[in-house]
2 protein chains.
Amino acid sequence: MTPTIRDVAKRLNLSITTVSRALDGYDDVAEETRERVKRVAREMGYVPSGAARQLRRKRSEAIGYILPTIQPRFSDPFFSEFIAGLGDEAASNNFDLLVSTAPPGEIAEQLLYERWTHSRRVDGMALSRMRRNDWRVEFLSSKKLPFVTMGSSLDSSSHPYIEVDARSGFSALVKHLVERGHRRIAFIGAQPDLMLQSVRLEGYRDGLEAAGIPFDEKLVAEGNLTRQGGFEAAQRLLAMPDPPSAIIGINDLTAIGAMNAAHEKGLAIGRDLAVAGYDGIEDAEHTRPPLTTLNQPVYDIARRLVRMLLALIASESLAEPQILLQPELIVRESTNP
Amino acid sequence: MTPTIRDVAKRLNLSITTVSRALDGYDDVAEETRERVKRVAREMGYVPSGAARQLRRKRSEAIGYILPTIQPRFSDPFFSEFIAGLGDEAASNNFDLLVSTAPPGEIAEQLLYERWTHSRRVDGMALSRMRRNDWRVEFLSSKKLPFVTMGSSLDSSSHPYIEVDARSGFSALVKHLVERGHRRIAFIGAQPDLMLQSVRLEGYRDGLEAAGIPFDEKLVAEGNLTRQGGFEAAQRLLAMPDPPSAIIGINDLTAIGAMNAAHEKGLAIGRDLAVAGYDGIEDAEHTRPPLTTLNQPVYDIARRLVRMLLALIASESLAEPQILLQPELIVRESTNP
DNA sequence: TCTTGCTTCCAAAACGTTTTGGAAAAATTA
DNA sequence: TAATTTTTCCAAAACGTTTTGGAAGCAAGA
């Protein structure tokens, strides 16, 4: 069996207290003893039992993240980047990352949050894809479990988050298209309960208003953040009697779907139809033509979120609890042939 | 504070033993009492402490997976699909998925494996991207920690795994290209220590041999499983005096990179140069032209791996410890204009 | 000599479960 | 009725740590 602290203590003729304190770096143990303890512990391959430590310390040294699995077999590069960021930063602080999956809004999701918070399997959580008046915010606040979010929600409660200013971003995107001579600019959005939908749609409207173009709701279609959703929405838009000359996708996947729909209709993207997205995923560099997009540094945001979360867990106060970043407009040939 | 089992017992005037056994479904508690216990427990919002349970049961009800983060900001759709599969299946068995990240082959990786196994934070592990004579296999075997792998390694020890028969797959891919009239078929591979490199390269050679085409090592280039790697390798291949008429990428990302290199050189893919990949990621459906590939059901494999792993953890014996699946050749316009 | 103050160690009490080995009460059998 | 079995409950002992509140030994000061 794997050795326990008792085995180490016995071998050293010391009490388990001293072993524990020696390894934890307390200063009431002689430097020479500490060295002996450390050496023997390593020799014996001793690693403290996570469960026992958690039970006693009442902390799990783990943070949680629940992946919103919409369809089975989903694959959105946003999430692998986000998880990599969470994992890297957690790992470099000796924290673990607990991941689970649940379809958003369903009962299973709620059960999972309850299980994790009540059983104290995690010391804190990271949330993404915020919804309007997200129940998770209220729930976690009431349970006093530290959490951080990517993007804000519409709650009055103001929790720590990092938000990318998508509103200005989309406005800038519209400006860019207007400068290229476009007047009929369509927008393919997402489910209306998502914060990113309201925010980005508003940015789109801001942009139109600034250019003096009246808002036309027939130019707004609903997708679902996937390629397929973008594809179908774009088909509908392009089948209109007076189709748009430019399409903005709420994210890159949507935009890529739209490009495919256009291509299938025989339109030359960039010339006949401009297309732009949001996210800055790697795929967007490799479409043909390459996709104009707004880049947000997902990996870095994830790492930074974890740092904030760890500070909260250590009940330090945050210098900057709400952070607003600007996305970077990357103009490529899909809007600039 | 969150209620403990003691609080529930006190409220019911029962012993904590009975509460525990009632909730765990033992049959030595009266049906009527069980109902009372369940009701009150729910009312009080009682959830057993994970740490205490783990400590006593000596099981963590969690499985681990370590993401091979090669570069910072990596995003390979393979992994989001794989993690979604692991997470979904684990969640539906009330298991948690512990994820961490480590660059493969470095000391940090080893430390992580040691920490997780010794501290018993996980009951078992899933591995992917197997290396030749993978030390992890030996390590986990010696620690007697259950594990399953996607793909086999070259170890004599035969652990449970699911392997996709990439060797036949690549052979079939070559056959397909030969039938389309190609004789100079290049292969862009990956780092030589990866199992998938040896296996897929062998499949490629099998295919050449079956077609009576001599193997030419100048047609084999090394990539790194990313688009960028594929792009650069393809540039080298296409700059040769007698360039290939077809390129096979070891995975879809590599192939997509190769398509871009060809496109940059003004070659019409499908007509001037055939390109094919392996994985069946969603991106491959949306390249222009769509990419011929070998599809492997990553999501399902991940779920199945977890089922195998849970059986191992419950020390059941597996009906089929080693599973070999056939990839499905999906011919698209990149090789079939 | 008796305090006082360090330094270095430790015994015992948590932490919140599950499990073991009965015991009391009720039901069945002889 | 007495003996046996079945049903239903429980006290106490783990599980492996960390933390609390000293205690022993020794040097320095009075």
Side-chain angles (χ1 to χ4, degrees), chain A residues 1-38 40-41 44-62 94 115-123, chain B residues 1-38 40-41 44-62 94 96 115-123 314:
Chain A
M1 274 309 290
T2 57
T4 77
I5 197 175
R6 197 158 268 112
D7 301 324
V8 180
K10 200 158 289 172
R11 179 95 97 84
L12 283 158
N13 271 334
L14 284 173
S15 74
I16 60 171
T17 310
T18 306
V19 174
S20 173
R21 298 182 75 85
L23 294 175
D24 262 16
Y26 283 74
D27 63 353
D28 66 348
V29 32
E31 209 43 55
E32 190 227 325
T33 344
R34 186 198 308 287
E35 286 312 317
R36 272 202 313 143
V37 172
K38 274 189 174 168
V40 170
M44 300 179 67
Y46 167 71
V47 174
S49 144
R53 164 172 285 181
Q54 278 171 47
L55 179 57
R56 185 55 233 232
R57 285 215 178 135
K58 299 180 152 212
R59 305 207 295 123
S60 61
E61 317 237 289
N94 277 335
R115 215 159 57 85
W116 274 6
T117 51
H118 287 250
S119 69
R120 294 278 156 182
R121 286 202 88 133
V122 295
D123 294 332
Chain B
M1 274 308 293
T2 57
T4 76
I5 196 174
R6 196 157 270 111
D7 301 323
V8 180
K10 200 159 289 170
R11 178 95 97 84
L12 284 158
N13 271 333
L14 284 174
S15 73
I16 60 172
T17 309
T18 306
V19 173
S20 172
R21 298 183 75 85
L23 293 176
D24 263 15
Y26 282 74
D27 64 353
D28 66 348
V29 32
E31 210 43 55
E32 189 226 326
T33 343
R34 185 197 309 286
E35 287 312 317
R36 272 201 313 142
V37 172
K38 274 189 175 169
V40 170
M44 300 178 68
Y46 167 71
V47 175
S49 143
R53 164 173 284 182
Q54 279 171 48
L55 180 57
R56 184 56 234 228
R57 285 215 178 136
K58 303 182 144 207
R59 306 207 294 124
S60 60
E61 316 240 287
N94 276 336
D96 290 319
R115 214 159 57 86
W116 274 6
T117 52
H118 287 252
S119 68
R120 293 279 154 180
R121 286 204 89 133
V122 295
D123 294 332

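Excluded from the calculations below are hydrogen atoms, water molecules and symmetry mates; all remaining heavy atoms, backbone and side chain alike, are included. This one's a predicted model, so the numbers in the text were calculated from it and none came from an experiment.
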Quiz item: Got a sec, which residues hit side-chain hydrogen bond (donor to acceptor under 3.5 Å, both in side chains) with Ser119(B), two or more places apart in sequence or on another chain?
Solution: none
Quiz item: Atom CG in Leu23(B), atom CD1 in Ile5(B): separation rounded to 0.5 Å?
Solution: 6.5 Å
For a quick test of your reading: what N or O donor-acceptor pairs under 3.5 Å do the side chains of residues 26-34 of chain B make, sequence neighbours left out?
| unit_1 | atom_1 | unit_2 | atom_2 | d |
| --- | --- | --- | --- | --- |
| Asp28(B) | OD1 | Arg21(B) | NE | 3.3 |
| Asp28(B) | OD2 | Arg21(B) | NE | 3.2 |
| Glu31(B) | OE2 | Arg34(B) | NE | 3.3 |
| Thr33(B) | OG1 | Ala30(B) | O | 3.2 |
| Arg34(B) | NH1 | Ala22(B) | O | 2.9 |
| Arg34(B) | NH1 | Tyr26(B) | O | 3.4 |
| Arg34(B) | NH2 | Tyr26(B) | O | 2.7 |

Quiz item: Reading DNA chain C 5' to 3', which nucleotide is the first, and which the last, to come under 4.0 Å of any heavy atom in chain B?
Solution: dG16(C) to dT20(C)
Quiz item: Can you list the residues that meet the side-chain contact (heavy atoms from CB on, under 4.5 Å) rule with Thr2(A), with sequence neighbours excluded?
Solution: Arg120(B)
Quiz item: Reckon Ile16(B) touches a base, only the sugar-phosphate, or nothing at all at heavy-atom distances under 4.0 Å?
Solution: base
Quiz item: How is Ser49(A) classified with respect to the nucleic acid when contacts are heavy atoms under 4.0 Å: base, sugar-phosphate, or nothing?
Solution: sugar-phosphate
Quiz item: Looking at residues at least two apart in the chain, or sitting in another chain, which of them share a side-chain hydrogen bond (donor to acceptor under 3.5 Å, both in side chains) with Ser20(A)?
Solution: none
Practice problem: Could you say whether Arg56(B) or Ser15(B) is positioned toward the 5' end of DNA chain D, judged by the nucleotide with the nearest heavy atom to each? | Solution: Ser15(B)
Practice problem: Specify the closest pair of heavy atoms between Ala62(B) and Arg121(A), including all atoms of both residues, with the distance to one decimal. | Solution: CB-NH2, 4.3 Å
Quiz prompt | Pairs where residues 48-58 of chain A contributes a residue and the test side chain to side chain donor-acceptor pair (under 3.5 Å) is met, not counting sequence neighbours | solution = Asp24(A)-Arg57(A)
Practice problem: Not counting sequence neighbours, which residues clear side-chain contact (heavy atoms from CB on, under 4.5 Å) with Arg59(A)? List them please. | Solution: Glu61(A), Phe95(A), Asp123(A), Ile313(A)
Quiz prompt | Distance, nearest 0.5 Å, that separates CG of Asn94(A) from CZ of Arg115(B) | solution = 4.5 Å
Self-check item: Terminal axes of the helix from dT1(C)-dA30(D) to dA30(C)-dT1(D) (five pairs each): angle between them, nearest 10 degrees
Solution: 60°
Quiz item: Which part of the nucleic acid does Thr4(B) contact within heavy-atom distance under 4.0 Å: base, sugar-phosphate only, or nothing?
Solution: sugar-phosphate
Quiz prompt | Residue pairs fulfilling side chain to side chain donor-acceptor pair (under 3.5 Å) with at least one residue in residues 4-14 of chain B, sequence neighbours excluded | solution = none
Exercise. Would you jot down, in residue-number order, the residues of residues 25-33 of chain B having a non-hydrogen atom under 4.0 Å from DNA chain C?
Key: Tyr26(B)
